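Data first, discussion second: the structure below is written as structure tokens.
Sequence lines set the chain letters: A, B, ... in the order given, protein chains first and strands last, and positions in each chain run from 1. Everything numeric here is computed off the predicted structure, so don't read it as measured data.
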Amino acid sequence: MRIRFWLLDASYEMVGGVPEVRLWGIDGEGRRIVLLDRSFRPYIYVLPEEGAEERVLRRIASLSGRYGIIGTDIVSRKYFGKPVNAIKVTLISPRVVPDLREAVAKLEGVREVLEADIRFYMRYMIDKGVRPCGWHEVEVEEVANDWGWRVDKVYFARDAPRYLGHEDPPELRVYAFDIECYNPLGEPNPERDPVIVIAVKRLGETKVFTAEGKEDRSALAAFVKDLIEADPDVIVGYNSNHFDWPYLLERGKVHGVKLDVSRGGGEPAPSVYGHYSVVGRANVDLYDFAEEIHEVKVKTLENVADYLGVKKKSERVLIEGHRIHEYWDDLGKRPLLVRYAVDDVESTYGLAEKFLPFAIQLSNIVGLPLDQVGAASVGNRVEWHLMRAAYEYGELIPNKVERPYEPYKGAIVLKPLPGIHRNVAVLDFSSMYPNLMIKYNVSPDTYVPPEEVADPASVNVAPEVGHAFRREPPGFYRVVLERLLEARREVREKMRGLDPSSPEYRVLDERQKALKVVANATYGYCGWVGARWYKREVAEATTAWGRETIMRTIELARKLGLRIVYGDTDSIFVVYDPPRVDKLVETINRELNLDIKVDKVYVKVFFTEAKKRYCGLLEDGRVDVVGLEAVRGDWAEIAKDVQEKVIELILRKDDVAEAVNFVRRVIDDLRAYRVPLEKLIIWKSLGKSLEEYEVEAAHVAAAKRLMESGYKVLKGGKVGFVVVKGSGKLAERAVPYVLLKDVKELDVDYYIRKQVVPAALRILGYFGVREAQLLESPQRTLLDFFGG
DNA sequence: ACTAGGCGGGG
DNA sequence: GTGTACGCCTAGT
């Protein structure tokens, strides 16, 4: 019998002494299935020293019995592009691989042991061309569900699954959950504090399980029962890998309640990249995807849901985390806490609808299972994509090696022409670094050390740095990047014929975004010292060619009579003259064989003296703010608001006087404590743990005060503080806003002189406005006095 | 008056 | 644990 299935999750177990790969999925009729394959065996590669093949082979053979080796074959592969003979050592059990690796590495004549650190089910998927979040077909035999797995069908594979494609993903059953914990002592402790509310949501239904007083055993059990009954394909939470799951599991231990919610039996288990694995389902922590939204500074669930239009903050219950226990203890307020949990779980479910389509495409492209792809770092995503490509390309996968950090030169940023410019076009190279790597065949396997360059005509030599790369054959990075960019072109081509509101269009759009993300991240990856395919020369040559490209573009633009006002990395800003710009685009296309296009046109754009800081009014009326305080997360909201308003008045109305008066009014409000506390909080993140700091910065001092008050402050966390009156350093006056007792303690003068005034002057200074002017009294209108 | 540490956002 | 360039704050000398 032949079936089609869409792959959701992969796992393996040893059964009767052999490894059994389990592919959990959904078939063409919507049945949940598991496919068992016992035919695959783990292997590693041994790279012998020159001429040592036979010797090493014999030595490995002598280890056979001890390690369960069932095959040793000499195979031809490539290693950094060079043909090599490697010994492929096949064995029975994946569990023995680490030991075998160590034993073999010690043998005389062994240069390197490769691919001994690849998880067994990943190895299976790579070798069989099986892809998560994609359709496959396979010849099967149905078998009895002896273990009581939570699936409709259990099959034995009679041959290898054949990958069909990623189109038409099935309808997934999504289950969102969120817990609230009793926390009278600040941070809740799972050994002591009960889970008081568990809110869950699936399609069309929201439920709440609550503790009885401080007794949460039955709530826990009811949650487990509900989850099993819902039988979701995807379980989503917000920060669930780092809070909800570990907390629930601890509570389960306290009560002896097993959180046996997987499809194969068993609890969620800590796994790679810090995620929890629920066998047969995809456990996705949406926080991983929210992290990539840079527009939201403090990535709480309510902020992210608000930003994405999933649930407005104004239309939901908000409770400060440290007050949750008060709402539980006060029976009158308990319904509010329940509503809060429901708002949270509805937000989580809404985020799943926003993020999952992208996550699914990313998973399919890089080959990591859906539950891992979000948790994996960018570097790991790129690397898995490369590892898959390496297999197809006959290239051995290099080991991870520890290397010292080596800095190298990056891109060019032009000095802006300060002031206001009208009608400015921004010209952008599309995917500049990937295209340069393709164009010049930049790759670790095409790199030719200086002493080995025999024929200068056969290599591309990078400007400034002089690194040489063979023109032919195509390097590994070229092959991979060409494939990605080509796939993206095809997807975008298909999108053209579709209705943008159709589900098909949405899927394709998410796919093209994922393809772009992976292509663009590949350059950063190649310059990361932790990368398997790291090569400093590759990264260094790529940026050198980037600098050359932008400089030649500037030259060409000038020759065409275009006036350049700014440029950064892969873009130039020119006074828009359509015929000349068209000519430039065409010339670059022809002479550099690269694609540049008009990305946007500013009706007006304003530059200060500083690079990477400007603002502009777009043709459609929107205002872009780049790099300025208004868009930075480490300035008080009041300063950001003021700057944004000043920018609007300058760009839209050319009204300096009105802008000045606006700033004066805000200063006046500050002096009278008429500004809400939220607008005075300064958020900064902790780049390291508190002990590691060399200087006592304000946010570090504030974090220490938080710690003393019983809050947990971790590396990577954000600290919100306000500045209070007093003498001495800022650090001595930085108080966590949650600990502020009276707003009258606030140092409004600090906010005026160090926040509002500098932010306003960054713009207004260019128009001759000085600090003293801003500090004068505002002209108040009647409206201001009578509740305007 | 100066440098260094620290941070965040940009391309 | 993707890269470098950049500006600007405060601490510290």
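Side-chain contact, Asn241(A) with Asn283(A): a donor N or O sits under 3.5 Å from an acceptor N or O. In summary, the side chains of Asn460(A) and Trp545(A) do not present any donor paired with an acceptor at a separation below 3.5 Å, with no hydrogens or angles considered.
Scanning for salt bridge (charged side-chain N to carboxylate O under 4.0 Å, His left out) contacts around Lys679(A) gives Asp641(A), with sequence neighbours left out. Scored by the ring pair (Phe, Tyr, Trp, His ring centres under 6.0 Å) test, Trp635(A) finds no partners at all (sequence neighbours excluded). For Phe243(A), the ring pair (Phe, Tyr, Trp, His ring centres under 6.0 Å) partners at least two apart in sequence or on another chain are Tyr247(A). Partners of Phe606(A) by ring pair (Phe, Tyr, Trp, His ring centres under 6.0 Å), not counting sequence neighbours, listed by chain and number: Tyr766(A), Phe767(A).
Val626(A) comes within 4.0 angstrom of sugar-phosphate atoms only, judged by non-hydrogen atoms across all strands, and of no base. When heavy atoms are screened at a 4.0 angstrom cut-off, Glu696(A) is found touching the sugar-phosphate backbone but no base atom. Backbone-only engagement by Ala731(A) is indicated by non-hydrogen atom pairs under 4.0 Å involving sugar-phosphate atoms exclusively. Residue-level contact check: Tyr405(A) touches the backbone only, with heavy atoms under 4.0 Å from sugar-phosphate atoms and none from bases. When heavy atoms are screened at a 4.0 angstrom cut-off, Phe721(A) is found touching no nucleic acid atom at all. Heavy atoms of Tyr433(A) sit nowhere under 4.0 angstrom from any nucleic acid atom.
Atom pair Leu628(A):CG and dG10(B):P shows a separation of 9 Å (rounding to whole Å applied). Atoms CZ (Arg733(A)) and P (dC9(C)) sit 16 Å apart, rounded to a whole Å. Put simply, NZ on Lys640(A) is 12 Å from P on dG8(B), counting in whole angstrom units. Computed from coordinates, the Arg547(A) CZ to dC6(C) C1' distance equals 16 Å when rounded to whole Å. If you take CZ of Arg632(A) and P of dC6(C), they are 15 Å apart, rounded to a whole angstrom. Atom-to-atom, NZ of Lys415(A) to P of dG10(B) comes out at 23 Å; the value is rounded to the nearest Å.
For residues 404-416 of chain A, the pairs satisfying side chain to side chain donor-acceptor pair (under 3.5 Å) are Glu406(A)-Tyr534(A), Glu406(A)-Arg536(A), Tyr408(A)-Tyr523(A), Lys409(A)-Glu464(A), with sequence neighbours left out. Applying the salt bridge (charged side-chain N to carboxylate O under 4.0 Å, His left out) rule to pairs touching residues 756-770 of chain A yields Glu629(A)-Arg762(A), sequence neighbours excluded.
Because its NZ or CZ atom is both nearer than 6.0 Å to the ring centre of Tyr693(A) and within 45° of the ring axis, Lys688(A) counts as a cation-pi partner of that residue.
Of the candidate nucleotides dA11(C), dC6(C), dC8(C), dA11(C) has the atom lying nearest to any side-chain atom of Val695(A).
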Acceptor/donor pairs from residues 563-572 of chain A side chains to any protein atom, 3.5 angstrom cut, sequence neighbours excluded:
| residue | atom | partner | partner atom | Å |
| --- | --- | --- | --- | --- |
| Tyr566(A) | OH | Lys612(A) | N | 2.9 |
| Asp568(A) | OD2 | Lys612(A) | NZ | 2.9 |
| Ser571(A) | OG | Asp568(A) | O | 3.2 |

Tabulate below the donor-acceptor pairs under 3.5 Å that side-chain atoms of residues 365-386 of chain A make, not counting sequence neighbours, or state none.
| residue | atom | partner | partner atom | Å |
| --- | --- | --- | --- | --- |
| Asp371(A) | OD2 | His275(A) | NE2 | 3.0 |
| Gln372(A) | NE2 | Tyr121(A) | OH | 2.9 |
| Ser377(A) | OG | Asn380(A) | N | 3.2 |
| Ser377(A) | OG | Asn380(A) | ND2 | 3.1 |
| Arg381(A) | NE | Val373(A) | O | 2.9 |
| Arg381(A) | NE | Ala376(A) | O | 3.2 |
| Arg381(A) | NH1 | Glu292(A) | OE2 | 3.3 |
| Arg381(A) | NH2 | Glu292(A) | OE2 | 3.3 |
| Arg381(A) | NH2 | Val373(A) | O | 3.3 |
| Arg381(A) | NH2 | Gly374(A) | O | 3.2 |
| Arg381(A) | NH2 | Ala376(A) | O | 3.4 |
| Glu383(A) | OE1 | Tyr525(A) | OH | 2.2 |
| Glu383(A) | OE1 | Arg532(A) | N | 2.9 |
| Glu383(A) | OE2 | Arg532(A) | NE | 3.2 |
| Trp384(A) | NE1 | Tyr273(A) | OH | 2.8 |

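For the segment residues 518-546 of chain A, no residue has any heavy atom less than 4.0 angstrom from an atom of DNA chain B. Within residues 682-693 of chain A, no residue is approached by DNA chain C to less than 4.0 Å at the level of any non-hydrogen atom. Only Lys612(A), Tyr614(A), listed by number, bring a heavy atom of residues 602-619 of chain A to less than 4.0 angstrom from any atom of DNA chain B.
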Short heteroatom pairs, N/O only, protein and nucleotides 1-4 of chain B, under 3.5 Å:
none

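Note on Glu648(A) versus Lys645(A): no salt bridge recorded, every NZ/NE/NH1/NH2 to OD/OE distance being 4.0 Å or above. Under 4.0 Å is where a charged nitrogen must lie from a carboxylate oxygen, and between Glu510(A) and Lys513(A) at least one such pair does. Salt-bridge annotation for Glu696(A) and Lys729(A): absent, with no side-chain N of the basic residue lying under 4.0 Å from a carboxylate O of the acidic one.
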